[in-house]
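Input: a single structure, listed below in structure tokens.
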Protein chains: 2
Amino acid sequence: MRFDVLAEPARRRILDLLLERPRAVGELTELLGLSQPGTSKHLRVLRDAGLVAVRKDAQRRWYELRPEPLAEIDAWLTPYRRLWSRRLDALERHLDTMEDT
Amino acid sequence: MRFDVLAEPARRRILDLLLERPRAVGELTELLGLSQPGTSKHLRVLRDAGLVAVRKDAQRRWYELRPEPLAEIDAWLTPYRRLWSRRLDALERHLDTMEDT
DNA sequence: GTCGAATATACGCCGATGGTTATATACGCG
DNA sequence: CGCGTATATAACCATCGGCGTATATTCGAC
């Protein structure tokens, strides 16, 4: 999946909103504070990335979260995660030592 | 930390290269296959984001990884991770069931 | 101090992208 | 069918970011 899809704040905002529950475009538009077409455009990008799915309901489109592609980001982070947590461990050990003295 | 720093493929590439060991600008330039100023520019962005640190050695600048800011990305992923792993669990259970039959 | 090596900064160009307004499409309703 | 509602697409514009070239800077060697 493409990182730049998540680089856009409005799109991360959308994902965060969909974390709670599916929402229609109108609601997202209002919450994001941008134009309806602007919202639709972002939703298109998210849909192409497989991060959201749509359900039709008359004129409404309900967008819901599809978190699976985020696993790729998670996978990319893996080798780094080892490193920063190692440093945190070292920090903790250091602080523990401080406490003793 | 800003997601768009990682949105740029060349910058992720740099981080991946620094995962192995610190490297000088010239080496990175060659490995990335872009101009030296281009490399320096990306390094500037990474430095501003706290993702790399520099050590001077005569004219050489050795860039080394600083993975800590990536923890923010990891944190952002947290609520989503629950969701996709839940789905994976369900898939696994499903596959297990399939095996039985 | 002068030269070459290594890197950083300045600048200009160009394509990508996000935002808006205008318009098309799809649907339920009367 | 004609209308209002909800959303998508088109067209356009402004900004941003990444690229390269040219130039400045810093440092060691001589």
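So you know, we letter chains A, B, ... as the sequences are listed, proteins then strands, and number each from 1. What you see is a predicted model; the values in this text were computed from it and never measured.
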Problem - Whole-Å gap separating C1' (D/dG17) and CG (B/Asp48) - result: 15 Å
Handout entry: side chain to side chain contact (heavy atoms under 4.5 Å, CB included) partner of B/Phe3, chosen from A/Arg11, A/Glu8, A/Arg12
Key = A/Arg12
Exercise for the section: Output yes when at least one side-chain N/O atom of B/Ser35 is less than 4.0 Å from OP1 or OP2 of D/dC19, else no. Expected result: no
Practice task
State whether B/His42 places a side-chain N or O below 4.0 Å from either non-bridging phosphate oxygen (OP1 or OP2) of D/dG17.
Solution key: no
Exercise for the section: For the side chain of A/Pro37, starting at C-beta, report the closest nucleotide among D/dT9, D/dT7, C/dT7. Expected result: D/dT9
Problem - Side-chain N,O (A/Arg44) to OP1/OP2 (D/dT7) below 4.0 Å - result: no
Completion exercise
Of the listed C/dT9, C/dT20, D/dA8, the closest approach to the A/Val25 side chain comes from D/dA8
Handout entry: Ion pair check, B/Arg21 and B/Glu27, cut-off under 4.0 Å
Key = yes
Fill in the blank from the handout: Rounded to the nearest 0.5 angstrom, the CG-OH distance for B/Leu28 and B/Tyr63 is 9.0 Å
Handout entry: Atom pair CG (A/Leu18) and OH (B/Tyr80), whose distance is rounded to the nearest 0.5 Å
Key = 8.0 Å
Handout entry: Separation of atom CG in A/Leu32 from atom C1' in C/dT20, rounded to whole Å
Key = 15 Å
Problem - hbond_proxy A/Lys41 side chain to C/dG19 base (donor-acceptor, 3.5 Å cutoff) - result: yes
Problem - Interatomic distance, B/Asp74 atom CG to A/Asp74 atom CG [nearest 0.5 angstrom] - result: 6.5 Å
Practice task
Answer with base, sugar-phosphate or nothing: what part of the nucleic acid does A/Leu34 contact at a heavy-atom distance below 4.0 Å?
Solution key: sugar-phosphate
Problem - Selection from D/dT7, C/dT9, D/dC19 that lies nearest to any side-chain heavy atom of A/Ala24 - result: D/dT7
Exercise for the section: Among C/dT7, C/dG18, C/dT17, find the nucleotide with the atom closest to the side chain of A/Arg2. Expected result: C/dT17
Exercise for the section: Working to the nearest 0.5 Å, report the span between CG of B/Leu51 and CG of B/Leu6. Expected result: 6.0 Å
Problem - N/O donor-acceptor pair, side chain B/Gln36 with base C/dA8, under 3.5 angstrom - result: yes
Problem - Sugar-phosphate only, base, or nothing, as touched by B/Gly38 at under 4.0 Å among non-hydrogen atoms - result: nothing
Could you go over nucleotides 25-30 of chain D and give all protein N or O partners under 3.5 Å, atom names and distances?
unit_1: D/dC27; atom_1: O2; unit_2: B/Gln59; atom_2: NE2; d: 3.0

Exercise for the section: Tell me whether the OP1 or OP2 atom of C/dA8 has a side-chain N or O from B/Tyr63 closer than 4.0 Å. Expected result: yes
Completion exercise
Distance col, row B/Thr39:OG1 vs B/Arg13:CZ, nearest 0.5 angstrom, shows 11.0 Å
